[in-house]
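Below you'll find the structure, written out as structure tokens, and then a few comments.
None of the values given here were measured: they were computed from a predicted structure. Letters go in sequence order (proteins before strands), and every chain restarts at 1. Quick note: numbers below take in every heavy atom, side chains included, and nothing from hydrogens, waters or symmetry partners.
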Number of protein chains: 2
Amino acid sequence: MDISVLHNSILFKGFDDTEISELLKALNAAEKKYNKGAMIFSSGEITDKLCFVTAGSVTVESNDMWGNRTILNLVGKGQFFAESYALLPDVPMLVDVCAAEDCTIVFLSMKSLVNLNDMIRSRLLANLLTITTRKNLHLSSRSFHTAPRQVRGRIMAYLNTVSVQKHSREFDIPFDRQQLADYLNVERSVLSNELSKMQKDGLIRCRKNHFEII
Amino acid sequence: MDISVLHNSILFKGFDDTEISELLKALNAAEKKYNKGAMIFSSGEITDKLCFVTAGSVTVESNDMWGNRTILNLVGKGQFFAESYALLPDVPMLVDVCAAEDCTIVFLSMKSLVNLNDMIRSRLLANLLTITTRKNLHLSSRSFHTAPRQVRGRIMAYLNTVSVQKHSREFDIPFDRQQLADYLNVERSVLSNELSKMQKDGLIRCRKNHFEII
DNA sequence: GAAAGTATGTTGTAATTACAACATTTTGGG
DNA sequence: CCCAAAATGTTGTAATTACAACATACTTTC
């Protein structure tokens, strides 16, 4: 198991190597590999597992009965997912989680939190609070990205956020066209078309997933 | 100050009256009244205040420069807001918070958490974790309500969620037409029109904010 | 490096939504 | 009870998007 990625995670911030090893054991840490496209969780499932991405990436998404996909979040290496469901273990998942690329996930049992001693547990809970709080901001961000009524507005809202995060007018995005379309809740073809127009209008330049705001 | 509402809140779950009184003092609890329409927080502000609604309700919303409003959440009596920003005190707010009706808010300083003794603080943090986790599910819910591309789909997604929550096919919603439109990210007139059609099609019945799914 | 498969770009049409303008209903004071 | 103001409903038109169908470009594999 790749302990170095876990070591640098928010969850184990402030814990030393020995403590982390013990915690991994206490929380029944289990690692599993998935191929691109594999489904890790399906809507309706119940889980108490806090999930950590040690390699690759996954999408948290909603798929309706007509095959329309909405991507809520892309979770990359070093980040967590399913924390809300893990901490509220009677709530069935509202989302699917799929491997966006080949990936490796470490599952941690939150049911086992009760077995930890008070001191360790409260340090862990404090870190979990940071994780959920940041996740809140992430979910809010997506709301702003999908708030504009028009496609161009959504694209600009998203690109501006990424630009600010990366402190640069030039950056890569983690989505391919279909994923970006599903994240912004628009048609892929309409997205491609609008990106072309925005380049003609001199607003942006882009090639594949590399973007520049002008 | 209306201590009974606070007493039943998630934040103070497990605390007795004496402890709550001490905590309110330690967290510099301050109460303030707002008239309908008043702005409680503006986008860009920084705060360390956890906010609790003791009367009335507020909307967490985003207002763009063209006057378009997007409602992310309606926070009613007995619920909290701004918890993410209170806990990440260097992050400027991405949203506005407005009084949806005349309301009363209690502000609790999260900066003061460090002054509490370890035991009390960790109990409080555990409760805060519940608050943020539930808020996560709320934000996810809205994503599902706005995921359908068409207005009718959004309305049904929202009404179904409320129906499930209230365990009944007949229920009141907390939004008026304009608020519901801004929550679902559609035009008010288009929403009204679609609701009429849905009634003609025998899908629902509604009058003001009372709905019935058929 | 050719072929097959996947991702992205382009275009046209049908369907839907945005927006404005106005009609009707409801609400809250006087 | 009446009036003014606010909320909700209705309608038509312009603008935008969804969807399908196809073209082009890029990748992967043999």
Query raised in the report: Do we see a donor-acceptor contact under 3.5 Å between the side chains of Ser43(A) and Asp96(A)?
Result: no

Under 3.5 Å side-chain donor-acceptor pair for Thr146(B) and Asn185(B)
no

For Ala181(B) and Leu191(B) the tightest heavy-atom approach is N-CD2, 3.6 Å

*asked:* dC26(D), OP1 or OP2 - any side-chain N/O from Arg207(A) closer than 4.0 Å?
replied: yes

CZ (Phe81(B)) and CG (Leu72(B)) are apart, to the nearest 0.5 Å, by 13.5 Å

Asn136(A) and Leu139(B) have their tightest heavy-atom pair at OD1-CD1, 3.4 Å

Whole-Å distance, Gln150(B) CD to dC19(D) C1', equals 11 Å

### Working for ring-ring contact (aromatic ring centres under 6.0 Å, His included), residues Tyr183(A) and Tyr158(A)
CA-CA 10 Å; Tyr183(A) 176 81; Tyr158(A) 173 67; 5.4 Å; yes

What residues 173-185 of chain B contributes to the DNA chain C interface at heavy-atom separation below 4.0 Å is none

His210(B) NE2 to dT8(D) P, in whole Å, measures 16 Å

Of dT10(D), dA7(C), dA7(D), the nucleotide closest to the side chain of Lys36(B) is dA7(D)

In Ile105(A), Val5(A), Leu11(A), the residue satisfying side-chain contact (heavy atoms from CB on, under 4.5 Å) with Phe52(A) is Val5(A)

Separation of dG9(D) atom P from Lys200(B) atom NZ, nearest Å, is 12 Å

In whole angstroms, the gap separating C1' of dG9(D) from CD of Glu194(B) amounts to 14 Å

_Regarding Arg152(A), tell me which of base, sugar-phosphate or nothing describes its non-hydrogen contacts under 4.0 Å with the strands shown._
nothing

Review point. Is any side-chain N or O of Lys197(B) closer than 4.0 Å to OP1 or OP2 of dT10(D)?
Key: no

Leu195(A) atom CG is separated from dA25(D) atom P, nearest whole Å, by 17 Å

From CG of Leu191(A) across to C1' of dT16(D) the rounded distance in Å is 15 Å

Next item on the list: Could you check whether Arg149(B) gets within reach of a base, just the sugar-phosphate, or nothing at all, counting any heavy atom under 4.0 Å?
Entry: sugar-phosphate

Looking only at dT27(C), dA21(D), dA18(D), the nucleotide nearest the Lys208(B) side chain is dT27(C)

Of the listed dT17(C), dT10(C), dT8(D), the closest approach to the Ser192(B) side chain comes from dT8(D)

*Looking at Ser196(A), does any N or O in its side chain come under 4.0 Å of the phosphate oxygens OP1/OP2 on dT10(C)?*
yes

In whole angstroms, the gap separating P of dA18(C) from CZ of Arg188(B) amounts to 13 Å

Per atom distances to the Glu187(B) side chain, the nearest of dA7(C), dA18(D), dC19(C) is dC19(C)

Taken to the nearest whole Å, CG/Asn193(A) to P/dA21(D) is 18 Å

